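Input: a single structure, listed below in structure tokens.
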Amino acid sequence: MALLKLDPSTNKSKYSKTLEPLFLKYNSLTAKEYTELFGNLRINSEELLNDLVANGYFEKLSTKNGAIWTVKNAFADIE
């Protein structure tokens, strides 16, 4: 909403809020970014992302500012 206040000519667009399309568009996301885009609770998002790491689909890079998740393998078996 803040962006719409800064530039009223900006149009809000719809997007798929499922795992595969989000990570195909954004090849890496933080838990906070994923939470905002997916519309989920932060704790649920982190649990899901960590489960995907444990199952070998994602990689988790820990930085001083938090973790970043990236896709490791294709989405063939996910969801």
Side-chain angles (χ1 to χ4, degrees):
M1 294 309 267
L3 184 59
L4 294 175
K5 288 180 182 177
L6 291 173
D7 186 2
S9 66
T10 302
N11 293 322
K12 193 174 183 180
S13 61
K14 294 185 180 202
Y15 58 92
S16 176
K17 294 183 180 184
T18 58
L19 192 65
E20 185 174 359
L22 285 178
F23 274 92
L24 289 175
K25 183 171 177 112
Y26 308 104
N27 57 358
S28 65
L29 292 171
T30 65
K32 183 177 181 179
E33 291 168 332
Y34 180 75
T35 299
E36 290 295 321
L37 291 170
F38 189 68
N40 202 355
L41 296 175
R42 172 83 181 251
I43 189 72
N44 295 346
S45 296
E46 288 192 44
E47 287 175 4
L48 171 67
L49 293 168
N50 285 326
D51 286 346
L52 291 168
V53 169
N55 289 318
Y57 294 110
F58 281 22
E59 291 180 343
K60 180 179 178 180
L61 173 64
S62 295
T63 70
K64 67 177 184 166
N65 295 322
I68 299 171
W69 283 265
T70 59
V71 176
K72 182 177 178 182
N73 293 320
F75 284 94
D77 300 338
I78 299 178
E79 296 187 59

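Quantities reported herein were computed from a predicted structural model and do not represent experimental measurements. Positions are given from 1, in the same order as the sequence printed here.
- Hydrophobic clustering, with ILVMFWY side chains joined whenever heavy atoms are under 4.5 angstrom apart, groups Y26 together with V53.
- Taken from CD1 in I43 to CG in L41, the straight-line distance is 9.0 Å, to the nearest 0.5 Å.
- One distance of note links OG1 of T70 with CG of L61; it measures 7.5 Å at 0.5 Å rounding.
- A distance of 9.0 Å separates OG1 in T30 from CD in E46, rounded to the nearest 0.5 Å.
- In terms of heavy atoms, W69 sits closest to F23 at O-CE2, 3.6 Å.
- Separating the CG atom in N55 from the NZ atom in K72 is a distance of 11.0 Å, to the nearest 0.5 Å.
- The side-chain heavy atoms of N50 and K60, taken from C-beta on, include a pair separated by under 4.5 Å.
- Taken from CG in L22 to CZ in F38, the straight-line distance is 8.0 Å, to the nearest 0.5 Å.
- In this structure, the separation between OG1 on T35 and CG on L48 is 10.0 Å, given to the nearest 0.5 Å.
- Across A31 and S45, no two heavy atoms sit closer than the pair O-CB, 4.3 Å.
- Ion pairing between E36 and K32 fails under the 4.0 Å rule for side-chain N and carboxylate O.
- Pairing each heavy atom of E33 with each of S28, the nearest pair is OE1-O, 4.3 Å.
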